[in-house]
Amino acid sequence: MSSTSTRVAGTAIRTRQSSRVRGRSWLLVQQLAIGLGIVLVWWLVYALGWLSTDILPSPLSVLVQFVLLAGSGTFWVALLQTLATAATGLVIATVVGVALGLVLGLAPPAERATRFLLDLGRSFPVIALLPVMVLILGTRFQMEATVVFLAVFWPVLLQTIYGSRRIDPVVRDTTRAYGIRLRLRFLKVLLPAAAPFIATGVRIGASLAILVAVGIELLVRTPGLGFELGAAQSELRPDIAFAYLIYAGLLGLGVNALLERLESLVLTWNARGDVLEVQP
Amino acid sequence: MRSTRSFLLAFLEQAWLPVLLVVIWWFASEGNTNPFFPPLSKIWDSFVTEMSSGQMELHLWASTRNILIGLAVGVVVGVVGGTVIGLSRRLRAVLNPYLQFFRTLPQVAIIPIIIGAFGITAVPKIWAIGFACIWPVLLNTVDGIRAIDPGVRDMVDAYRITTWRSIFRVVLPGALPQIMAGIRISLSVAVVLMVVSEIYAATEGVGYFIHITTGLFQTDKTWMGTLLVGLMGYLLSVIFLLIEKRALRWYHESAS
């Protein structure tokens, strides 16, 4: 009797699993169909000559360039240069932003005194500082990293302040009542509580870092993806420019996915609902 | 009386540091001969001259216009698209990879392509800003709709409220806090794209002003333009916060 019911239950689970697998591959088919549809519309617009070929290249030529770029040294060097700029700015901004954010989060008078500066800084389009920074530092790597740092610093700082203020008042009173030392309180209470918010800040910062790095390369012609893209466009090679654009998007997607994975590995105590969700 | 005093105290608590920094900058830079760091007084003078000549007004107007029209385009497309996608679980799942691609695309990369293709006038810049503004609004609209309490949806079904009515009376108001958060991100994206597109290739706008004064080595004007862009970004975000506060008053009231 019991073995029958077990077998029935087993079959039920197996059926559910196989239907889930089937659902997932069906989803993949649909996703691919959408992609093909986009390419088809693109090709139609191209083939009917609605837009000049200087503006809209054919999907096939973009695909060819996309493949060719993957085998070219120029592309990989440019990619690494963009990544190096973005990563340098991001790392410095994370260190400075987290340290300053925790201090400001712990000292309300300091937070009030800097509130206006923070509001000004977060809404300041830092890329506008680029011409000034070029005058001061020249078109060097240090200049690029500094501009990226100045842009990324704000989201990291603000997220850290939010995070350190989100700490449960009961926990704060308990640690104070037990006279827990500052160092221990900092490392074992404050940092873990603020970490999910800091992680979000770093993730926002990473996308921003790539955006600003590409922007700098585009505007002051320092080496990197942005420079290559702009150069291809001004040489009337929109096929190469489009291929670079697609790579730029994939870069953003890859970095974002990597950071999300890291986040769920490091922040195991933080049950973030949207990470665990399985798509239908 | 007490409220006036506490207001004054709060103001002083927040104002002392910014004021002190400006004062320090003013006096420390006074008489500075380093061409890269002109005295703040000189930057102020160039602001007064440029404003009185009427040129600066035109640049400010051009930049603000591009931001606002681009943002409006992005918000309309984003909210409409986000509502369509947010209401359908299937559509959401199918389109997800493409939406993620456009969300993480470094939006400044579209500027050379759009400006290279359609020229250096205002319209291509508005296109670029509009395109970049779509994605934060769209994804936040989708998330906002998805986060609406299932009980509310059941209620809508039970009372047989028509689709149109439920979209305007239930779905969009329910997603509004999240939509507003999306528009706020789009606003800062719009300002960045405005600056980059105007430095890249333009004939007007504050970014253009910064760019040409750098070329002419008029550093006081470059600094002035840069500070003005920062102030512009700040003012736009303050205005947006006021609008947001008003639009979400019902939400904050029900939360408290």
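Every chain is numbered from 1, with letters handed out A, B, ... down the list of sequences.
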Output the option from B:V94, B:V195, B:L105 having the highest count of non-hydrogen pairs under 4.5 Å with chain A. B:V94

Quick one: pull up [atom1] in [X] and [atom2] in [Y] and give me the separation to the nearest 0.5 Å.
X	Y	atom1	atom2	value
A:S123	B:R184	OG	CZ	8.5 Å
B:L91	A:Q30	CG	CD	9.5 Å
B:I210	A:I127	CD1	CD1	11.0 Å
B:T104	A:L251	OG1	CG	9.0 Å
B:T222	A:L129	OG1	CG	11.5 Å
A:R112	B:E13	CZ	CD	4.0 Å

If I compare all heavy atoms of [X] with all of [Y], which pair ends up nearest, and what's the gap?
X	Y	result
B:F36	A:I136	CB-CG1, 4.1 Å
B:F118	A:I55	CZ-CG2, 4.0 Å
B:T214	A:P131	OG1-CB, 3.4 Å
B:F217	A:L135	CE1-CD2, 3.8 Å
A:G230	B:P112	CA-CB, 4.3 Å
B:R90	A:W26	NH1-NE1, 3.4 Å

Taking side chain as everything from C-beta outward and backbone as N, CA, C, O, which of these in B:S237 sits under 4.5 Å from a heavy atom of chain A? Side chain, backbone, both or neither. side chain

Non-hydrogen atoms of chain A under 4.5 Å away: do they reach the side chain of B:Y98, the backbone, both or neither? side chain

Region of [X] that comes under 4.5 Å of a non-hydrogen atom in chain B:
X	answer
A:R115	side chain
A:L250	both
A:N256	side chain

For [X], does the [atom1] atom sit with more than 12 other heavy atoms under 6.0 Å from it, leaving out its own atoms?
X	atom1	result
A:F197	CZ	yes
B:W26	CH2	yes
B:H59	NE2	yes

Determine whether a donor-acceptor pair (N or O, by modelled atom type, separation under 3.5 Å) exists between the side chain of A:Q31 and the backbone of B:A93. yes

Side-chain (B:Y234) to main-chain (A:R122) donor-acceptor, under 3.5 angstrom: no

